[in-house]
Engineer: 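Next up is a structure, given as structure tokens.
All values below were derived from every heavy atom in this structure, side-chain atoms included, with hydrogens, water molecules and symmetry-related copies excluded. Convention: sequence-line order gives letters A, B, ...; per-chain numbering from 1.
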Amino acid sequence: MNELYLKLNESQQEVVKSTEGPVLVLAGAGSGKTLSIVHRIAYLISEKMVSPWHILAVTFTNKAANEMKSRLEKSFKISTKSLWIGTFHSMCARILRIESQYLPFSSNFTIFDANDQDTIIKKIMKNLNISSKQFHPSKVKSAISFQKNNLISWQEYEQNYTDSFYTKILAKVYKAYQQYLVKNNGMDFDDLLFYVVNLFKKNSKVLEKYQNKFEYIMIDEYQDTNYAQYKIVYELGKKYKNVCVVGDDDQSIYGWRGADIYNILSFENDYQNAKVIPLVQNYRSTRLILKAANSVISNNRARHKKELWTKKHIGNRIKIVELDNENEEAMYVAQKIKEIICDNNVSLNDIAVLYRTNAQSRVFESEFLNANINYRVIGGINFYQRKEIKDVLAYLRILANPRDNESFLRIVNFPKRHLGNVSIGKLIDFANQKAVSLRKSLEYIEQCQDLSNNIKDKFQKFNDFLLSYEKKAEILPINELMNNLVDDLKLLSIYEQQELVSGETRADMVKELVASAEEFTSLYKDEFGKKPKLNEYLQQVSLITDIDRTDSSENSVSLMTMHNAKGLEFSYVFIVGAEDGLIPHKNSIEEKAQLEEERRLFYVSITRAKHDLYITYANCRRYYDYYNFNRASRFIDEIDPDTVEYTNKQFERTYQIAKKKINICKEHSANLLTNKEFQVGSKIIHKTFGKGTVLGITKNGAKAKLTIAFESGRIKKIIDSFVEKI
DNA sequence: GCAATGCCTCCTGAG
DNA sequence: GAGGCATTGC
């Protein structure tokens, strides 16, 4: 046996060697579960002589999958070409493309992301005359998503669940939405899972094929699987029953998107004679950090009771820091980061800032820019959801999938072709008459009677453009295709003007996309010996996330949500915005189950830290136009007091800088004042909001906008003509 | 009939 | 702080 196995502890070795029958690994945070899975796969292949072709491993991110692959290749010299490692979604997409003949889709179907879903649902609701004020589209979207994750089709929903006015409306939208997707040859993320389960149910031959293929199945992060995913695993494993799931009920943080903690809690019931292996030795964090984490999570009821332990040294106390507002918080963190890298000679890659909501990243971004600290934001506006990236991808999608009307509409008048809503509306009517896709309708545009010859010409030109690129797509590899496209459309010069928060332009983003396509081309060529074309590229690009894209070769601090931090570790971790209302989030305080999930999220965040942990909270936090005054998170009170030390507003230096900034702000506003009527500090009165004090003044064209603190406690921005001085 | 402008709203979390 | 939408401007 390879000596690499000897590095594992006893329980880990048991995970590796228990290859036959169902296995439940209860792996605590930092207990080396990824290591165990990698060794288990290696053991199956090198010792048990199982063909990689018979193994399926499901990970939470594509990045985790790639890391596993490269470890298998480097440490164990195992070729991973025929091994299936990936996320549930990528595995399902792969199956559905292979088996598309049994589906109402062709293999080049488009995957619609959350934004596409929004647009489609809004459009459908408009068509059905459903008020989007009364039924919020995003609520409708998540309701539909919830049904799919629980494997309820629109037909079934329509029949069995329409007992109220609301559910009847929902049934209508759900039906129209699914029909629209089929018409566009597209699926959303939930469909990927849903259609696989359905396929397995309806077509026993296909199911058997995959049951025979996957003799050994491993699922990571099992605590975050939803019903559809559970069902996929269950069906695939039915024949050989060699299903090994790894998870930690204390780290289940995706209940809100259908993940069911019950899946892991009831594994032993679902799989007869399952072997249960706990991994409770932590190799990541210092003793104090671990003790703090244990003390917090012990407040949860719904869990397998267990306590992590470590042989590591005791370490430093956790620093809990109170600050006045979010700006001061960002300055404090920036300052501390500078101290850490000076004193300890650590790399910025070893440092992470974790927050509950994406919106919190902004202050840190601008402060880090100021302080010259390299950073990268993970998540938030996903790279592939950026407007400029979606524009390019829409061109590619319409080439690959001509039935994709969504992408067509996105680009038909971008760059501007003098085709406005009226003309496009007429084209849509025309396509509907002909019962063809918008793309196809262009080919008959001559026959359309509603359009002037001038407009027809423009559509004709667009048609010619698409035709020429459809030809190119067949012969050119993706990097050349994309390069040509970006050049022809002059996208870079269009986007050069538009600057983003980070100081980069949209053109830079497009360049990055082009570069990533180049990289994809060369990697793909290495693996398969030929350059990838459009379809190969699109198949993977829809499922890439920000985490997958992170490149640790560039030295920078990571900024991300607590959710995104799952599975990662850093020497120095800052948990910021630790306030009641943020963590636990205000929407999750009332219900006990939700509160426990928030606690798990906090627990996950704490356990990311290896060396030092900072927890900060601000007394006052700006939210759009008003200010929130929050108390420190209740979870801070739950941390064992022996493991923490408090710093209360003693950060004089940053505090002074903050004060200076506020003064500059005041002067600045004063200078903008034109009518001299209002000044910072002026007392005013407003018809509906009552009395208040002017905090700031901004000019917008001829109008001056006043930021006013009303006596009611609300802070609002109001145009000066609506208030009177008192 | 298209394009530019200004206002409004959004922010829990993500594949 | 940016996209979506309605209104106005050309």
Engineer: Hey, are Asn108(A) and Asn535(A) close enough side-chain-wise for a donor-acceptor pair under 3.5 Å?
Structural biologist: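 Short answer, no.
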Engineer: Check whether Gln223(A) reaches the backbone of Asp248(A) with its side chain - one donor and one acceptor, N or O, closer than 3.5 Å.
Structural biologist: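 Checked: pair present.
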Engineer: Look at all strands and tell whether Asp113(A) reaches a base, only sugar-phosphate, or nothing, counting heavy atoms closer than 4.0 Å.
Structural biologist: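 Counting heavy atoms under 4.0 Å across all strands, no contact is made by Asp113(A).
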Engineer: Just N and O in the side chain of His418(A): are any of them under 4.0 Å from OP1 or OP2 of dA3(B)?
Structural biologist: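 Yes, such a contact exists.
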Engineer: For dG13(B), does either OP1 or OP2 sit under 4.0 Å from a side-chain N or O belonging to Lys566(A)?
Structural biologist: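 For Lys566(A), the contact criterion (side-chain N or O under 4.0 Å from OP1 or OP2 of dG13(B)) is not met.
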Engineer: So, is Arg506(A) close to the dA2(C) phosphate, meaning a side-chain N or O under 4.0 Å from OP1 or OP2?
Structural biologist: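 No, because none of the side-chain N or O atoms of Arg506(A) sits under 4.0 Å from OP1 or OP2 of dA2(C).
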Engineer: May Tyr254(A) be described as stacking on the base of dA14(B), applying a 5.5 Å centroid limit and a 30° limit on plane angle?
Structural biologist: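 Given the distance and angle limits, no, they do not stack.
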Engineer: So, does Asn421(A) get its side chain near the phosphate of dG1(B), meaning an N or O under 4.0 Å from OP1 or OP2?
Structural biologist: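 No, because none of the side-chain N or O atoms of Asn421(A) sits under 4.0 Å from OP1 or OP2 of dG1(B).
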Engineer: Let's see if you can work this out: which of dG13(B), dC5(C), dA14(B) has an atom nearest to the side-chain heavy atoms of Thr357(A)?
Structural biologist: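 Taking heavy atoms from C-beta onward, the closest nucleotide is dG13(B).
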Engineer: Among the candidates dT12(B), dG15(B), dA14(B), find the nucleotide nearest to the side-chain atoms of Thr87(A).
Structural biologist: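 When the side chain of Thr87(A) is considered, dG15(B) is the closest of dT12(B), dG15(B), dA14(B).
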Engineer: Report yes or no: does Glu329(A) contribute a side-chain atom to a donor-acceptor pair with the main-chain N or O of Gly577(A) at less than 3.5 Å?
Structural biologist: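 Looks like yes, one N/O pair under 3.5 Å.
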Engineer: Are Asp190(A) and Lys141(A) within salt-bridge range, i.e. N to O under 4.0 Å?
Structural biologist: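 Lys141(A) and Asp190(A): not salt-bridged.
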Engineer: Give a yes/no answer on whether the side chain of Ser423(A) brings an N or O atom under 4.0 Å of OP1 or OP2 in dC2(B).
Structural biologist: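 So the side-chain polar atoms of Ser423(A) do come within 4.0 Å of the phosphate oxygens OP1 or OP2 of dC2(B), strictly under.
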Engineer: Would one find a side-chain N or O of Asn358(A) under 4.0 angstrom from OP1 or OP2 of dA14(B)?
Structural biologist: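 True: Asn358(A) side-chain N/O within range (under 4.0 Å) of dA14(B) OP1/OP2.
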Engineer: Counting heavy atoms from C-beta on, name the nucleotide in dA14(B), dG1(B), dT12(B) closest to the side chain of Asn587(A).
Structural biologist: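 Within the option list, the nearest is dT12(B).
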Engineer: Using a cut-off of less than 4.0 Å, is there contact between a side-chain N or O of Asn115(A) and OP1 or OP2 of dG4(C)?
Structural biologist: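 No, because none of the side-chain N or O atoms of Asn115(A) sits under 4.0 Å from OP1 or OP2 of dG4(C).
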